[in-house]
Amino acid sequence: MTYRLKKILLLSVSLTLFSSCVSIKEYQKVYLNDEDMSLSQRKIESFEINFESYREAAVGANGGKVGGGCGCN
Amino acid sequence: MFVSASAQDEKSSEIRMENDRQWLKKTALTEVEINILGSYYTQDGNHSAVTGGLGTEELTDVTPAIIVNIPIDSTRQLSFNVGADFITSASTDNIDFNVSSESRNDTRKHINVAYTKRLARPRLTYSFNGGLSKEYDVFAKSIGASLTKETRNGNTEISLSGQAFFDAWDLYYPVELRPPGSGDDDDAQGSDNRNSYNMGLVYSQVLTKRLQVSLSAEFVQQDGLLSTPFHRVFFNDGVDVDGLSTIEILESNKLRKIENLPRSRTRIPIGFRMNYFINDLFVFRGYYRYYSDNFDISAHTVSIDLPVKISPFISITPFYRYHVQTASMYFKPFGEHELDAEFYTSDYDQSAFVSNKYGLGVRYSPLYAIGRFKTPFTKRSKNKFTRFKSAELRYAYFDRSDGLKSSIISFDLAFDLITGKER
C-alpha cells in the first residue's frame with residue numbers, strides 16, 4: 001500500500017511539473033476537442049457504471065455512484 | 001514612456017476581456033439540450049445473498065432516463081436528471097417463501113437538479129445539486145457542490161467536489177427471521193439510516209496536441225446501516241443441507257441470521273485516465289483505478305476503449321474492462337461462518353473475484369444533425385425548431401468468476417431546442 005501510494009504521489013507531482021511545460025493554444029486543440037477525447041464519462045456509460053458499483057465492491061473515481069442514494073452496496 | 005506603458009496596460013486589459021468573453025462563449029450552453037436515455041439489463045448467477053450465498057440471482061432492470069440542460073444566460077445553467085428503474089428479481093422473491101409475490105418487483109424513481117455558474121475572470125465554475133430517490137424500502141436525499149478552476153491557457157483544470165447522501169431504510173427481514181407479532185408482510189419491521197459523505201478531487205492536464213490525462217481521487221465515509229436487512233447468512237452448525245433445493249434449505253432448521261456488518265466504512269478509490277488521438281481513424285481511451293476500504297477489500301480496474309471513426313459522422317467503439325478484487329474480511333460462502341462471528345455476510349459482491357466486460361458501441365452524429373422538426377415547444381415561431389443531433393447504442397457483456405453473468409444494452413438520443421437567441 002505504501003509503495004502504491006508513493007507511485008501515485010510521484011505521478012501527481014510529475015503531472016504538476018508537466019503543467020508548467022505545456023502551452024497548447026486553443027487553435028491547436030482540434031484533436032483534444034474531439035468528442036471521443038473527453039476525459040469525463042459519457043452519459044450512455046452511466047448505466048454500466050451503476051451496475052458495476054452494485055455487483056462489485058469497488059466504487060468511485062469514475063464519475064459514478066460511490067455509495068448511498070439507493071438500496072445498494 | 002509613461003503614456004506608452006498606460007496604453008499597453010489598456011491594450012492588455014482589452015485582450016484579457018476579449019479572452020474572457022471567448023472562454024464564456026466556448027464553455028456556455030447556448031440551447032436547451034435534451035438526452036433521452038434507456039437501458040435493459042439482465043443477469044443470472046447462483047449465489048444470491050437473499051438465500052445465504054446460493055440460489056438464483058436472476059434479475060432484469062429497465063431504466064429510462066431523461067437529462068435536460070437549460071441555459072439561463074451565458075454564465076448560468078440548470079440541469080435536471082429524472083429516471084426510474086423497473087426491477088424484477090427472482091432472488092428478492094425469496095424474502096418470503098411466496099414465489100412470484102410482490103417482493104419480486106420493485107421500482108426506483110429518482111430526480112436530481114443542479115445549478116451551475118461560470119465566472120470568466122478567474123475561470124471558475126461552481127455548481128450546487130440536490131436529489132431525491134424512492135424505492136420500496138429506501139428513501140434517499142442528496143446534496144452536493146463542486147468548484148472547478150481552469151488555467152488561462154485552458155491546459156490544466158482542477159475540480160473539487162463534495163456530496164452527501166441521507167438514506168432512510170424501512171427494514172424488511174427474511175420472513176422466518178421477523179420478530180413474532182411483527183404484523184403483515186407489507187409492514188416494515190423497523191427503520192434505520194445510512195449516511196454517505198464523499199469528497200473528490202480531479203486534476204486534468206493537456207500534455208500534447210493529441211494527449212490529455214486526468215487523475216481523480218475520492219474519500220468516502222459511510223455510517224449507519226451498511227448491511228442489507230433481507231440478506232440471510234447461514235452458519236457452520238453441522239446441519240447438512242447438501243442436495244436440497246433453495247426452498248428446502250430455507251425451510252430446514254439450518255441456523256441462519258440477518259446479514260450484519262460494521263456501521264462505519266471508509267472507501268478510497270484513485271483513478272487515472274489517459275486519452276490519445278492516434279490518427280483520424282483511432283482514438284485510445286485508457287483508464288485505471290485502485291480501490292481500498294476498511295473492510296479489507298482492495299481492487300484494480302483497467303479498461304480500454306478504442307473508438308474507430310469509420311466516417312466523420314459514425315464511430316464504432318469496441319471496449320474491454322478487467323476488474324480484480326480481494327474479499328471482505330466479513331465474507332464467507334454459504335454455511336461457513338463460525339457461530340461466534342460478530343460480523344458476517346455471504347454477499348458475493350464482496351467476495352474475491354475477477355470480472356471481465358466486453359462490448360461494442362455505435363454512435364451516429366452528423367454535422368448538420370440527423371433531422372429537425374417542430375415540437376409543442378417550438379411550433380409557434382419559424383425560427384424555433386428541435387434538432388435530433390445524435391444517436392448512440394451500446395451493448396456490454398459482463399461475467400464474474402463466481403458464475404454471475406449479465407448483459408446490458410443502452411441507448412442515448414440527443415436533441416437540442418434551437419431558439420435563435422444569442423446568450
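Since the structure is predicted, the reported quantities are computational estimates derived from the model, not experimental observations. When reading the values below, keep in mind they use all heavy atoms of this one structure, side chains included, and skip hydrogens, waters and symmetry mates.
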**Prompt:** Would B:K309 and A:D36 pass as an ion pair if we require N to O under 4.0 Å?
**Reply:** yes
**Complete:** Bottom line for A:N62: the part with an atom under 4.5 Å from chain B's heavy atoms is both
[X] [atom1] to [Y] [atom2] distance, which is reported to the nearest 0.5 Å:
X	Y	atom1	atom2	answer
B:F411	A:F47	CZ	CZ	7.5 Å
B:K209	A:K25	NZ	NZ	10.0 Å
A:N50	B:D85	CG	CG	8.0 Å
A:I24	B:T208	CD1	OG1	6.5 Å
A:R42	B:D412	CZ	CG	7.5 Å
B:N35	A:S46	CG	OG	10.0 Å

**Item:** Ring geometry between B:F398 and A:F51 (parallel below 30°, tilted from 30 to 60°, perpendicular above 60°)
**Value:** perpendicular
Given the options [options], which has more heavy-atom pairs under 4.5 Å with chain A than any of the others?
options	result
B:S39, B:S315, B:A217, B:G361	B:S39
B:Q325, B:M274, B:R363, B:K134	B:R363
B:S142, B:S351, B:S133, B:P307	B:P307
B:F277, B:Y348, B:Y197, B:F166	B:F277
B:A140, B:P269, B:G271, B:G38	B:P269

What part of [X] is in contact with chain A, defined as an atom under 4.5 angstrom from a non-hydrogen atom: side chain, backbone, both or neither?
X	value
B:Y276	backbone
B:R289	side chain
B:F353	side chain
B:D61	neither
B:R394	both
B:I67	side chain
B:K141	neither
B:S328	neither
B:L37	both
B:S216	both
B:L211	backbone
B:Q43	side chain

Taking all non-hydrogen atoms of both residues into account, name the closest pair between [X] and [Y] and its distance.
X	Y	value
A:A57	B:I297	CB-CD1, 3.4 Å
B:V213	A:L39	O-CD1, 3.6 Å
A:E26	B:G154	OE2-CA, 4.2 Å

Side chains of [X] and [Y]: closer than 4.5 Å at any heavy-atom pair?
X	Y	value
A:V59	B:Y291	yes
A:K29	B:N155	yes
A:E35	B:S365	yes

Give a yes or no on whether the backbone of [Y] and the side-chain of [X] come within a donor-acceptor separation of less than 3.5 Å.
X	Y	value
B:R400	A:R55	yes
B:R273	A:S40	no
B:E392	A:I44	no
B:E218	A:A61	yes

**Results of side-chain contact (heavy atoms from CB on, under 4.5 Å) for B:D296 - residues two or more places apart only** = B:M329
**Prompt:** Of the options A:E48, A:E56, A:E45, which is the one that meets B:R321 in a salt bridge (charged side-chain N to carboxylate O under 4.0 Å, His left out)?
**Reply:** A:E56
**Item:** side-chain contact (heavy atoms from CB on, under 4.5 Å) evaluation trace for A:Y31 with B:I278
**Value:** CA-CA 9 Å; A:Y31 299 130; B:I278 301 171; over 6 Å; no
